[in-house]
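One structure below.
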There are 2 protein chains.
Amino acid sequence: MVRERYGSAMADKPTATDADGRKPGRALRADARRNRARVLQVAAEIFATEGLSVPVHEIARRAGVGTGTVSRHFPTKEELFAAILLDRMEHLSGQADALAEGHDAGTAFFTFFATLVHEGAQHRGLAEALAGAGYDVETAAAEAGHDVPGRLRTMLARAQESGAVRADITYPDVKALMAGCLSREVDDAHGDALIRLVTVVCEGLRARPS
Amino acid sequence: MVRERYGSAMADKPTATDADGRKPGRALRADARRNRARVLQVAAEIFATEGLSVPVHEIARRAGVGTGTVSRHFPTKEELFAAILLDRMEHLSGQADALAEGHDAGTAFFTFFATLVHEGAQHRGLAEALAGAGYDVETAAAEAGHDVPGRLRTMLARAQESGAVRADITYPDVKALMAGCLSREVDDAHGDALIRLVTVVCEGLRARPS
DNA sequence: CGACAAACGGGATGGCCGTCCCGTATATTC
DNA sequence: GAATATACGGGACGGCCATCCCGTTTGTCG
């Protein structure tokens, strides 16, 4: 059987000392900011391609920093997970705003839907692990101003008003369809299969000229 | 953050000594057979409700056996996972055969579809973990004579021939829809939400009188 | 019923990983 | 350019868990 870890133990009561959610005091030192971003990026890639069980030491090694640096920025592995997701949410809500501005309602919605599916294909496990731990990513993101679901909901409504999307579709329908595209059945997250699925779903959502 | 383990480390190269896949020699002693079945059942329940990271010791404790007994029957945790899934597959293919015999093609298909979704809701993580480890459950099950996908495929074909299911549906479509029903969005695996989703999907699959 | 092998129990072992700590290096500030 | 707090590196610690081992129990067969 292929080499694979399932996960790894985690402290029950992490002694949360500093979540880098620092509002007060000084700003982060320049190198600290760089390192933090680098860890976040490397960790996102590694977790996406190799699973959540990759040791934090390994993340640090590949990011070219010491383990202490990682755990100072993200006191627990769980907080690292959350930070990655929040970071992605920030990107996504930025993209959403750009799309909403530069395209007609239909195009914006369909494009954003596809973006979300591809993003989801990358970080599937992450979101599940945090959800399983009772961490509500969407709410946390919304509080940080990166309300991706809200934006999707708005885009859906506009697309429907403009006649690009069937009027009988609801937001939960869209979420379920998205989840369907993300099923394990679609093996490779980058492959054609995913693109085909998204295409099919979008076609299904599109309002028929009738 | 709520107490939650993500998983647990596992040996890279399990010294596979005995997989209980014993064809030759003596049959299992009566008590051994009992214990094996009991562990399998208890483990399936626990993994389904509490996640895959529950320690093997805990499984043994709750099954009322020693850890040695568990690891003799299932040398590694991974083999325990696989055994559970194979066991479920056996149940399922039995149900499939019974359904195919006792009902019309349409009812058989829809009922089995619902059964699969509910089963999937239980053992979601299990299948994912094994798939991630490169273990092909479906093939293994097929080799053991419990070819669930094959049966579903057959039932779909018959249901389509009989006019109960839309003719333009393909088997992969069905798998994707099934996966959609199993999305994390449907929180409680026993709740009404899942039943509603299944109902909707089945209605969608049903051939319209036109 | 007695003898033997199969199976059991659960403690011991080894390894892995998250987290903490502290001496060192470096960005920032005056 | 010096002083100082901030951040870094990576080794060490502690805990957890899968697996193994071996003395003991129990089913099986003659």
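Given the structure is predicted, the values throughout are model-derived calculations rather than measurements. The sequence lines fix the lettering, A, B, ..., with proteins before strands; numbering per chain opens at 1.
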(request) Name all residues meeting the side chain to side chain contact (heavy atoms under 4.5 Å, CB included) criterion together with B:Arg62; count only those two or more places apart in sequence or in a different chain, and write none if there are none. (result) B:Val42, B:Ile46, B:Glu50, B:Glu58

(request) Without swapping roles, check the side chain of A:Lys175 against the backbone of A:Pro149 for a donor-acceptor pair under 3.5 Å. (result) no

(message) Rounded to whole Å, how long is the line connecting atom CG of A:Leu80 with atom C1' of C:dC17?
(response) 14 Å

(request) Considering just the side-chain nitrogens and oxygens of B:Asn35, establish if one lies under 4.0 Å of OP1 or OP2 belonging to C:dA7. (result) no

(request) Among residues two or more places apart or on two chains, list those pairs meeting salt bridge (Lys or Arg N to Asp or Glu O under 4.0 Å) that have a residue in residues 88-100 of chain A. (result) A:Arg88-A:Glu119, A:Asp97-A:Arg151

(request) Measure the distance from CG on B:Asp31 to C1' on D:dG27 and round it to the nearest whole Å. (result) 6 Å

(message) Given the structure, check if the side chain of B:Arg29 and the base of C:dA6 hold any donor-acceptor pair shorter than 3.5 Å.
(response) yes

(request) Select one nucleotide: of D:dT28, D:dT19, C:dG18, the one nearest the side-chain heavy atoms of A:Val56. (result) C:dG18

(message) I need the CG-C1' distance between B:Leu52 and D:dC16, as an integer number of Å.
(response) 17 Å

(request) Quick one: list whatever passes side chain to side chain contact (heavy atoms under 4.5 Å, CB included) with A:Thr49, sequence neighbours left out. (result) none

(message) Less than 4.5 Å apart, side chain to side chain, heavy atoms only: is that true for B:Arg166 and B:Leu205?
(response) no

(request) Go through the structure and list residues passing side chain to side chain contact (heavy atoms under 4.5 Å, CB included) with B:Ala157, not counting sequence neighbours. (result) none

May I have the list of side-chain donor-acceptor pairs in residues 102-113 of chain B shorter than 3.5 Å, sequence neighbours left out?
residue  : atom : partner  : partner atom : Å
B:Asp104 : OD1  : B:Thr107 : OG1          : 2.5
B:Asp104 : OD2  : B:Gly106 : N            : 3.2
B:Asp104 : OD2  : B:Thr107 : N            : 3.2
B:Asp104 : OD2  : B:Thr107 : OG1          : 3.3
B:Thr111 : OG1  : B:Thr107 : O            : 2.6

(request) Round to the nearest Å and state the distance from A:Glu78 atom CD to C:dC17 atom P. (result) 18 Å

Could you go through nucleotides 10-14 of chain D and list every protein N or O atom that sits under 3.5 Å from one of its N or O atoms, giving the distance for each pair?
residue : atom : partner : partner atom : Å
D:dG10  : N7   : A:Thr67 : N            : 3.2
D:dG10  : N7   : A:Thr67 : OG1          : 3.0
D:dG10  : N7   : A:Gly68 : N            : 3.0
D:dG10  : O6   : A:Gly68 : N            : 3.1
D:dG11  : O6   : A:Thr67 : OG1          : 2.9

(request) When you get a sec, tell me which of C:dA7, C:dT26, D:dT19 is the closest nucleotide to the side chain of B:Lys77? (result) D:dT19

(request) To the nearest Å, give me how far apart CZ (B:Arg61) and C1' (C:dC8) are. (result) 18 Å

(request) Provide, to the nearest angstrom, the distance between the CZ atom belonging to B:Arg62 and the P atom belonging to C:dG10. (result) 17 Å

(request) Quickly work out the B:Ile59 CD1 to D:dC17 P distance and round it to whole Å. (result) 12 Å

(message) Measure CD/B:Glu58 against P/C:dG10 and give the value in whole Å, please.
(response) 14 Å

